[in-house]
Number of protein chains: 2
Amino acid sequence: MNIREEDIYNFIIGRTPILVNRILLRNFRKEKLDITMEQWSLLDLLWKKDGCTQHELGARTFREKASITRLLDKLEQQNIVIRVPDRRDRRVRFVYLTAKGKSIEETATRVVRETYKHAIAGIPEEQVLICKRVLNQVFENLAEEGDHWTACETA
Amino acid sequence: MNIREEDIYNFIIGRTPILVNRILLRNFRKEKLDITMEQWSLLDLLWKKDGCTQHELGARTFREKASITRLLDKLEQQNIVIRVPDRRDRRVRFVYLTAKGKSIEETATRVVRETYKHAIAGIPEEQVLICKRVLNQVFENLAEEGDHWTACETA
DNA sequence: AATTTGTAGTTGCACAGGAAACTAATTATG
DNA sequence: CATAATTAGTTTCCTGTGCAACTACAAATT
């Protein structure tokens with residue numbers, strides 16, 4: 001294959017993710033939602049399964065535990081989630097949505113869905129699927145190479 | 001199309017770019033290169049065209065000018081680039097590679113190329129091309145919607 | 001049972017991005 | 001020509017990430 005080094009930038013971690021993140025943040029602000037894309041990615045898990053552990057949130061969003069700690073700090077400051085220690089294992093803290101956390105699900109989900117629709121407008125569905133599969137394969141290829149998240153943890 | 005909100009995270013700005021960035025940073029460190037992925041993206045432009053303006057670097061990597069300022073601060077501290085004011089327009093500063101900046105091209109490019117090869121190993125070339133096109137189309141779709149970078153500037 | 005090893009989460013440091021306010025210089029306008 | 005609008009770049013504030021050191025606790029080892 002004709003390898004061009006700059007592809008890895010333009011292609012995977014470059015301007016497209018930067019722009020998507022920027023637009024999504026602006027769209028949240030338009031709807032008076034004071035959350036970030038990263039915070040949303042945790043909330044999205046909690047809306048589906050309230051009471052995850054921090055470890056679980058990290059494994060599923062592929063973030064370092066330190067990042068999870070800090071994202072939850074912000075969410076807790078805004079009274080969107082609370083951390084509840086596990087009585088059986090006092091190292092563990094379960095993360096629960098507050099009433100406020102539950103109440104923003106509908107609006108936030110709508111913003112994300114509309115932004116996503118806009119992002120993929122006019123692109124044939126099968127191409128979007130291929131793109132997703134390629135990115136997932138890239139993930140698998142690199143995850144083998146020594147990261148502490150194993151495939152089974154993230155699955 | 002069957003829209004799943006979480007796709008926008010998993011798919012475009014989620015774990016794959018995070019992992020690619022992480023692995024690339026580690027691979028730079030293994031080769032004793034003290035640069036980041038973001039710094040590399042600027043150097044890659046300079047190796048092809050020395051003496052870009054900061055505005056140009058921002059337009060081509062799709063970063064805010066403030067980000068460019070800070071990335072160049074770091075590169076200048078490491079004696080990898082220097083900023084030279086334009087005599088004709090004293091607002092403008094041209095960015096030039098130093099001898100050190102030129103000397104790391106080969107190693108840095110090799111690291112990026114090998115990481116990229118590893119990332120796309122086993123994925124049919126035509127699928128990688130489709131993936132790139134999809135991400136570029138996503139970029140175009142969202143760029144229309146009110147960003148100050150116009151298509152012509154980034155082209 | 002006491003020590004070692006492993007795990008969940010936190011904190012400090014360095015680096016990166018977005019937005020907005022700001023400076024200095026240039027170009028457009030009246 | 002003088003003022004207004006624009007442009008290039010910097011700075012500040014807030015948020016997010018990686019890594020490493022750290023705390024607290026649990027589980028395994030001897």
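The chains referred to below are lettered A, B, ... by the order of the sequence lines, with proteins before strands, and numbering in each begins at 1. Predicted model, so just to flag it, every value in this text is computed and none were measured.
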For this session: Please report, rounded to the nearest Å, how far the P atom of C:dA16 is from the CG atom of B:Asn21.
Result: 10 Å
Exercise. What pairs with B:Arg83 under salt bridge (charged side-chain N to carboxylate O under 4.0 Å, His left out), at least two apart in sequence or on another chain?
Worked result: B:Asp73, B:Glu76
For this session: Quick one: list whatever passes side chain to side chain donor-acceptor pair (under 3.5 Å) with B:Asp86, sequence neighbours left out.
Result: none
Exercise. Any side-chain N or O of A:Arg26 less than 4.0 Å from the OP1 or OP2 oxygen of C:dA19?
Worked result: yes
For this session: Looking only at side-chain atoms of B:Arg22, point me to the closest of D:dC19, C:dG18, C:dA16.
Result: D:dC19
Problem set entry | Check: D:dG9 base within 3.5 Å donor-acceptor of B:Arg90 side chain | no
Exercise. What are the residues of residues 76-87 of chain B, sorted by number, that bring a heavy atom to within less than 4.0 Å of DNA chain C?
Worked result: none
Exercise. Taking only residues two or more places apart in sequence, or in another chain, which ones meet B:Glu56 in a side chain to side chain donor-acceptor pair (under 3.5 Å)?
Worked result: B:Lys49
Exercise. Roughly how many Å is it from CG in A:Leu57 to P in D:dT17, rounded to a whole number?
Worked result: 13 Å
Problem set entry | Verdict with supporting geometry, A:Glu140 and A:Asn136, side chain to side chain donor-acceptor pair (under 3.5 Å) | CA-CA 6 Å; A:Glu140 297 296 336; A:Asn136 280 331; over 6 Å; no
Exercise. Between A:Leu97 and A:Lys102, which heavy-atom pair has the shortest distance, and what is it?
Worked result: CB-CG, 3.9 Å
Exercise. Should A:Gln127 and B:Gln137 count as side-chain neighbours, where that means a heavy-atom distance under 4.5 Å?
Worked result: no
For this session: Confirm from the modelled atom types if B:Arg70 and C:dG18 form a donor-acceptor pair under 3.5 Å, side chain to base only.
Result: yes
Exercise. When you measure from the side chain of A:Lys74, which nucleotide among C:dG12, D:dG16, C:dG17 comes out closest?
Worked result: D:dG16
Exercise. Atom CG of A:Leu72 and atom C1' of C:dT11: how far apart are they, to the nearest Å?
Worked result: 15 Å
For this session: Check each of B:Val95, B:Thr109, B:Ile104 against B:Leu43 using the side chain to side chain contact (heavy atoms under 4.5 Å, CB included) test, and report the only one that passes.
Result: B:Ile104
Seminar exercise, completed: Whole-Å distance, B:Arg29 CZ to C:dA14 P, equals 14 Å
Problem set entry | With sequence neighbours excluded, residues passing salt bridge (charged side-chain N to carboxylate O under 4.0 Å, His left out) with B:Glu105 | none
Exercise. Counting distance only, does the side-chain N/O of B:Asn27 pair as donor-acceptor with the main-chain N or O of B:Val111 below 3.5 Å?
Worked result: no
Exercise. 5'-most contact on DNA chain C: A:Leu25 or A:Ala66, nearest heavy atom basis?
Worked result: A:Ala66
For this session: Would you give a per-nucleotide map of nucleotides 1-8 of chain D, 5' to 3', where B means the base has a protein non-hydrogen atom under 4.0 Å away, S means only the sugar-phosphate does, and - means neither?
Result: ------BS
Problem set entry | Spacing of A:Arg63 atom CZ relative to D:dC19 atom P, expressed in whole Å | 15 Å
Problem set entry | Separation of atom CG in A:Leu71 from atom C1' in C:dT11, rounded to whole Å | 15 Å
Exercise. B:Asp73 CG to D:dT10 C1': how many Å, rounded?
Worked result: 8 Å
Exercise. With the threshold set at 4.0 Å, does a side-chain nitrogen-carboxylate oxygen contact exist between B:Glu38 and B:Arg63?
Worked result: no
Seminar exercise, completed: Atom CZ of A:Arg88 and atom P of D:dA27 are separated, to the nearest Å, by 12 Å
Exercise. Hey, does the side chain of A:Thr69 come within less than 4.0 Å of C:dT11's phosphate (OP1/OP2), counting only N and O?
Worked result: no
